[in-house]
Q: 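Handing you this structure, nothing more for now.
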Amino acid sequence: MAPHSSPRPARRPLTPAPFVLRLCLHLLMAGLLVLAAVRAHSAAGTVAAAVTGAVYAAGSYLPPVRTSRRAAAVWLGVLGASWLAMLWLTPEALWVAFPLYFLQLHLLPVRWSLPAVALTAGAAILSYVGHGAALNPGVFIGPLLGAAVAVATVLGYQALYRESERRRRLIEELIGARAELAAAERHAGTLAERERLAREIHDTLAQGLSSIQLLLRAAERALPPDSPAAGHIERARRAAQDNLAEARRFVRALTPSDLEHGSLAAALERLCEPGAGPYGSEAGAYGSEAGPRVRFSVSGTPVELPTPYEVALLRIAQSALANTVRHASASRAEITLSFMDASVTLDVVDDGEGFEPGSVRPSSEGGFGLPAMRARAESLGGTFTVESAPGQGTAVAVSLPLSPEDRSPTAGGTA
């Protein structure tokens, strides 16, 4: 960045090492100026040393010098001019060139600082010769060696600082990613446990209470009308019915929010609406330029499905659509929910890039979606298949078996 560019970003508070280096630079400059003032052979040389010290001190405390490259360049120009006047009056000003190297390298960009250091070293050598000093290798080696040491020190420190900042940002990103991953895992674990509890309550308590109610109803029909046990059986049947309703309320409370306000078909249809995405906001807007156009259809006569079936089919559809948006670069996708005599089937098809199903392996980059969908389907006794090839799109199909009691049509003919 050139000296006339916009102000630099505010610096972070100095760590102990930069603070000590700055303090040492201040002490070095002050000591060399005092030495030059004491050893000056004229009052003018002493005044020039004092003026140079005053300019240096002013720049050290002025906030614009620390925040603006333009202000820093102007201050360095004034400081250099006062040093040149001091150099003209006394050869002792030669030693002040060493802290000037560090200032120029620190405050100016490399394309400006290196020429400034070279000019400063040349001015120091010419001044020493101009004051009548005998020519010897030390006259040239001293300023040039000091300049080389300053350049190596400052540029090396800047490289270490950049590497330290890169690692600091990387560590911050890793900490943030770890926190996000932990939150996602907690959320996923909570959802998985809710679904497991809903499935267990449905498959054990609810089914058991339903069986008890059916048995009590059969026993009630088998009893004579005037049997003294009829009243007890009626009360037991009503108690089983009330507890079955309570169990079903527990199951509804533990199901995903997508299924709270309607059927599975309605939840899948909402998933395909423009602006929707898997898990509420995942993977962009379907039906818009940000993602593929998604169409939903129902085939067959809808029946009321067990809650674990609805949860599994909804989650598989969400995961399949998320994969379509993230990886397939598809323009169209279609979800089909099919009700058959002995099974319910969900198909998610897209016209994307496709892939080799056998080449997908879980890794740090992902690849867990397909195994998770397969495990979810197989845990309910279903099947999961993926058909895809490069350039030919992808079709994901899951089929879950239906028992005879699950095949009664839903009220109103909707799922």
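The residues of the chain are indexed from 1 along the displayed sequence.
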Q: Is V117 close to W112 at the side-chain level, that is, under 4.5 Å between some pair of heavy atoms?
A: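 A side-chain contact under 4.5 Å is absent here.
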Q: Do you know which two heavy atoms are closest between R376 and V311, and how far apart they sit?
A: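 Heavy-atom minimum between the residues: NH1-CG1, 4.3 Å.
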Q: For a side chain to side chain contact (heavy atoms under 4.5 Å, CB included) check, start with the C-alpha distance between V398 and T383, then their side-chain angles and the critical distance, and finish with the verdict.
A: CA-CA 6 Å; V398 56; T383 59; over 6 Å; no
Q: To the nearest 0.5 angstrom, please state how far the CZ atom of R178 sits from the CD1 atom of I171.
A: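 These two atoms lie 10.5 Å from each other.
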Q: Does the pair V348 and T336 meet the rule for a side chain to side chain contact (heavy atoms under 4.5 Å, CB included), with working shown?
A: CA-CA 7 Å; V348 181; T336 304; over 6 Å; no
Q: Kindly determine whether S297 and E334 satisfy side chain to side chain contact (heavy atoms under 4.5 Å, CB included), including the steps that lead there.
A: CA-CA 8 Å; S297 61; E334 183 171 349; 3.8 Å; yes
Q: Minimum heavy-atom separation for A395 to V349, with atom names?
A: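 In this case the closest contact between A395 and V349 is CB-CG2, 4.0 Å.
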Q: Shortest non-hydrogen contact from L400 to A377?
A: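 It is CD2-O, 3.8 Å.
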Q: Looking at CD of Q392 and CZ of F355, how far apart are the two atoms once the value is rounded to the nearest 0.5 Å?
A: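 One gets 12.5 Å once the value is rounded to the nearest 0.5 Å.
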Q: Measuring from R295:CZ to R332:CZ, what's the distance to the nearest 0.5 Å?
A: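 One finds 10.0 Å between CZ of R295 and CZ of R332.
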Q: Which residues pass the ring-ring contact (aromatic ring centres under 6.0 Å, His included) test with F296, not counting sequence neighbours?
A: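 With neighbours one apart ignored, the set is empty.
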Q: Strictly below 4.0 Å, N to O, side chains only: are R162 and E165 in salt-bridge contact?
A: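 E165 and R162: not salt-bridged.
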Q: Taking all non-hydrogen atoms of both residues into account, name the closest pair between M340 and L402 and its distance.
A: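 Here M340 and L402 meet closest at O-CD1, 3.9 Å.
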Q: Would you mind reporting whether L346 and L268 have side-chain heavy atoms less than 4.5 Å apart?
A: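 Yes, their side chains come closer than 4.5 Å.
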Q: Is it true that the side chains of S388 and T394 contain a donor and an acceptor less than 3.5 Å apart?
A: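 A donor-acceptor contact under 3.5 Å links the two side chains.
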Q: Would you mind reporting whether V344 and L337 have side-chain heavy atoms less than 4.5 Å apart?
A: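 Counting from C-beta outward, L337 and V344 do come under 4.5 Å.
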Q: So, do I335 and D347 sit near enough that their side-chain heavy atoms are less than 4.5 Å apart?
A: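 In short, these two side chains do not touch, never coming nearer than 4.5 Å.
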Q: Could you walk me through whether R169 and E173 pass salt bridge (Lys or Arg N to Asp or Glu O under 4.0 Å), step by step?
A: CA-CA 6 Å; R169 289 192 296 270; E173 291 174 1; 6.0 Å; no
Q: Would you mind reporting whether D350 and P292 have side-chain heavy atoms less than 4.5 Å apart?
A: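 With C-beta onward as the side chain, the pair stays apart.
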Q: What pairs with R235 under side chain to side chain donor-acceptor pair (under 3.5 Å), at least two apart in sequence or on another chain?
A: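 R235: side chain to side chain donor-acceptor pair (under 3.5 Å) contacts with H232.
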Q: Salt bridge (Lys or Arg N to Asp or Glu O under 4.0 Å), that's the test. Do R217 and E220 meet it? Break it down for me.
A: CA-CA 5 Å; R217 191 182 297 275; E220 191 177 28; 5.5 Å; no
Q: Is there a side-chain contact between F384 and P371 (heavy atoms, below 4.5 Å)?
A: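 Not touching, per the 4.5 Å side-chain cut-off.
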Q: Could you report the tightest heavy-atom contact between L314 and A267, atom names first, then the distance?
A: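 In this case the closest contact between L314 and A267 is CD1-CB, 4.1 Å.
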Q: Side chain to side chain contact (heavy atoms under 4.5 Å, CB included) for M373 and N323? Distances and angles first, verdict last.
A: CA-CA 11 Å; M373 287 186 272; N323 284 344; 3.7 Å; yes
Q: Under 4.5 Å between any side-chain heavy atoms of V298 and F339, yes or no?
A: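 A side-chain contact exists here, since the closest heavy-atom pair is under 4.5 Å.
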Q: About how many Å separate OG of S399 and CG of L380, when rounded to the nearest 0.5 Å?
A: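 OG of S399 is found 11.5 Å from CG of L380.
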Q: Quick check for you: to the nearest 0.5 Å, what is the distance between R237 atom CZ and L216 atom CG?
A: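 Answer for the CZ-CG pair, R237 versus L216, is 8.0 Å.
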Q: Taking CD in E234 as the centre, count heavy atoms belonging to other residues, nucleotides or ligands within less than 6.0 Å. Is the count above 12?
A: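 Yes - once you tally the heavy atoms of other residues, nucleotides and ligands closer than 6.0 Å, there are more than 12.
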Q: When you compare the side chains of Q241 and R238, does any donor N or O come within less than 3.5 Å of an acceptor on the partner?
A: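 Their side chains do not contain a donor-acceptor pair, so the 3.5 Å distance test is not met.
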